[in-house]
Amino acid sequence: MSLRAVKGMRDILPDEISKWHRLESAFRQRVEAYGFREARFPIVEPTALFVRSIGETTDIVEKEMYTFTDRGEKSLTLRPEGTASSVRAFVQHSVQAREPVTKWYYIGPMYRRERPAKGRYRQFYQAGIEVFGDPGPFVDAEVIDMVVGLISSLGIAEVEVLVNSIGGPQTREKYRDALLAYLTPHRAELCADCQRRMDANPLRVLDCKVPRCAEIAADAPSILTHLTDEDRAHFDGLQETLTLLGTPYRVDGSLVRGLDYYTRTLFEVLGTGGGLGAQNALLGGGRYDQMVESLGGPDTPAIGFAMGLERLLMAMPEGEVAPHVDVVIIAAQPGLRAEATLLGRELRETGLRVESDLRGGSLKSQLRRADKINTRVAMILGETEVEEGVVQLKDLQNKTQDKVPRAEAAKRIHALLADTKR
RNA sequence: GUGGGUGUAGCUCAGUGGUAGAGCACUGGAUUGUGGCUCCGGGAGUCGCGGGUUCAAUUCCCGUCACUCACCCCA
């Protein structure tokens, strides 16, 4: 087959979709309970939006974006994440003028041109939230507590919650100096990337996985000891609130995200169960207090997170497969297939999910099919039944069968289904 | 971008230097209009693609592409 889905992108077929629905509705239900409302943004944005928000020196911007020129005019990019678009929309529509605090959520595909691996796709799905207008730290704790609740409601037990603070601009400046003072003597020992990072964004050296760089980074001064009094108070407030809520977490001073826009609170949830492979970051987020202003909006604090749906799916337990229809209508004689389509329409009008088996074939094979798709009820229509104005209702689960007047069939089926649910 | 693994039926895989098999799935039947179990039958594969060695390659060699895992990065 020569035409196939492009590398790193995949089809989600019906057999898989119920798990997706389960995840998405759990997410919606959870965040709506906290007052978040859904927003939808374009998948294509001006390239400059991501360069300015995510940061020029990040891996995402440097080598992972799907960027193209639109008919020789503008440079456009397939969104690699959702926060930049959220902020752009927030600013564009002057949303701050309408409400003091804005809480949005989104679900959709993101695009990054990385080498595919287990749990990592080039088109992948993220669900995320953003809160604009609340400086925290209480809302920070609430958001973290919310995701912990969500994860657990999905049946994912083996997780670890990491939090850190990288402070605001003042802290960052102070720390940057201290870090550079520490790194400079080691400059020659660092990898080429890190030497470049030292000039562009020294914080990212801490994130390097090259063994020698990691050794050097391990002895670097911690940002947590360089927090300004205000940043310190903010981080303390977050931890106190988490403790009050009973939310489990661990402070990890080396937690640094790959996006430059973060300030102060940073958090990440790692899946610790097997089966996730090396891509065990289930969700990540943090505060980005400068971004709204830097994209031309008013000075507005903000916090958000995004979770990777494919990874959550891998960590979730399998559910049972629910039948996709309630009734299968079977025509005992091929001549009754037209009648079966009419009967199907009648039943659907009462709210039932109905499939008429219109292929013909033997009664046996049609019943076999009904059984295969795990349907509860088979309705059999034959010449005898038509003469008598009745249908046969077969309960495939309890192996019972009743002859009922056609007019009463829908009512009987509804009763049967309601009985099962109890 | 770097390394490893794997490409044979729709799926999961076996197999052999002489042009292929199983299980599952699909489908038909086991006396006339009744499912799951069992039994019998059926369709389906240019053995990823290209080249080389050979009388002969799905099998050996090389290349290539695809998929996959790890590094990396992150969600």
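Hydrogens, waters and symmetry mates are skipped; everything else that's a heavy atom, side chains included, is used.
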Walking RNA chain B from its 5' end, the first of A:Pro116 and A:Gly119 to be reached, judged by nearest nucleotide, is A:Pro116
Quiz item: A:Lys394 side-chain donor-acceptor pair to B:rU34 base, under 3.5 Å | yes
A:Lys403 atom NZ is separated from B:rU34 atom P, nearest whole Å, by 16 Å
One should report the stems of RNA chain B, each a stretch of at least three consecutive Watson-Crick or G-U pairs at distances under 3.5 Å, as B:1-7 with B:65-71, B:10-13 with B:21-24, B:26-30 with B:38-42, B:48-52 with B:60-64
Practice task
Could you tell me whether the side chain of A:Tyr125 reaches within less than 4.5 Å of the side chain of A:Met110, counting heavy atoms only?
Solution key: no
Rounded to whole Å, the CD-P distance (A:Gln279 to B:rA70) equals 6 Å
In whole angstroms, the gap separating C1' of B:rC74 from CE of A:Met110 amounts to 14 Å
Of the candidates B:rU34, B:rG29, B:rG35, the side chain of A:Leu396 sits closest to B:rG35
Closest to the side chain of A:Asp59, out of B:rC73, B:rG35, B:rA75, is B:rC73
Checking B:rG33, B:rC73, B:rG29 against the side chain of A:Glu64 (C-beta onward), the nearest is B:rC73
Taken to the nearest whole Å, CD1/A:Ile373 to C1'/B:rG36 is 14 Å
Which of B:rG29, B:rC74, B:rU34 is nearest the side chain of A:Ser365? It is B:rG29
Assert: residue with more 5' nearest nucleotide on RNA chain B, out of A:Leu381 and A:Ala5, is A:Leu381
Rounded to whole Å, the CG-P distance (A:Leu309 to B:rC74) equals 20 Å
A:Ile129 CD1 to B:rA75 C1', in whole Å, measures 15 Å
Separation of B:rC73 atom C1' from A:Arg122 atom CZ, nearest Å, is 13 Å
| message | So A:Ala117, base contact, sugar-phosphate only, or nothing? Heavy-atom distance under 4.0 Å. | response | sugar-phosphate
Rounded to whole Å, CG of A:Asn280 lies from P of B:rA75 at a distance of 12 Å
Per atom distances to the A:Asp371 side chain, the nearest of B:rC73, B:rU34, B:rG36 is B:rG36
Practice task
Look at all strands and tell whether A:Gln366 reaches a base, only sugar-phosphate, or nothing, counting heavy atoms closer than 4.0 Å.
Solution key: nothing
Pairwise N/O distances under 3.5 Å, protein to nucleotides 1-3 of chain B:
residue : atom : partner  : partner atom : Å
B:rU2   : O4   : A:Arg115 : NH1          : 2.5
B:rG3   : O6   : A:Arg115 : NH2          : 3.3

Per atom distances to the A:Ile380 side chain, the nearest of B:rC67, B:rA75, B:rU34 is B:rU34
- request: Classify the side chain of A:Gln392 versus the base of B:rU34 as yes if they form a donor-acceptor pair under 3.5 Å and no if they do not.
  value: no
Among B:rG33, B:rU34, B:rA75, the one nearest any side-chain atom of A:Leu367 is B:rU34
request  = For nucleotides B:rG18 and B:rC13, find the distance between their P atoms and express it as a whole number of Å.
outcome  = 25 Å
Could you tell me whether the side chain of A:Gln401 has a donor or acceptor atom within less than 3.5 Å of a complementary atom in the base of B:rG35?
-> no
Taking the six-membered ring for Trp and the single ring otherwise, decide whether the centroids of A:Tyr261 and A:Tyr288 are under 6.0 Å apart.
yes
